[in-house]
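Basis for what follows: all heavy atoms, side chains included, without hydrogens, waters or symmetry-related copies.
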Amino acid sequence: MATSCTILSSSLLPTRVLTANPQTQQLHPVPRRRPSSFRVQAAKLPAGVVVPKVEPKLKAPLAGFTRTAEIWNSRACMIGLIGTFIVELILNKGILQLIGVEIGKGLDIPL
């Protein structure tokens, strides 16, 4: 069983094609070709693989965990991490030292 798809390439063609005549240095419009189409056929599916007849409906994301939100969260995290490195480089102190946590001898938590 092969699947096929027709793709129109009219959106890929320029709206106006011009050619130059080297002797006269003038541009002449070229007649436009009819939009072409072609068929793409995929290979036969392996045995046991069934093509679904209906596209599944996906549930709404839980509490804002959407793809776009997660992309922006990761970008903000990268900017914050780079900012932290820059602050540590300029002030020559670690972030924990800047907020008042002594480092080098543990956290000094009484047990």
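Not a single donor-acceptor pair under 3.5 Å links the side chain of E70 to the backbone N or O of F65.
Closest approach of A69 and G64 over heavy atoms only: CB-O, 3.4 Å. Minimum heavy-atom separation, I95 to E88: N-OE2, 3.1 Å.
Dense packing is recorded around CG of L81, with more than 12 heavy atoms of other residues, nucleotides or ligands lying under 6.0 Å away. Surrounding CZ of R75 are more than 12 heavy atoms belonging to other residues, nucleotides or ligands, all under 6.0 Å away.
No single ILVMFWY cluster, assembled from side-chain heavy atoms under 4.5 Å apart, contains both W72 and I79. F85 and M78 sit in two unconnected hydrophobic clusters of ILVMFWY residues. Membership requires side-chain heavy atoms under 4.5 Å apart, directly or through other members.
In this structure, N73 CG and T66 OG1 are separated by 8.5 Å, a value rounded to the nearest 0.5 Å. Going from atom CG of L91 over to atom CG of L89 covers 9.5 Å, rounded to the nearest 0.5 Å.
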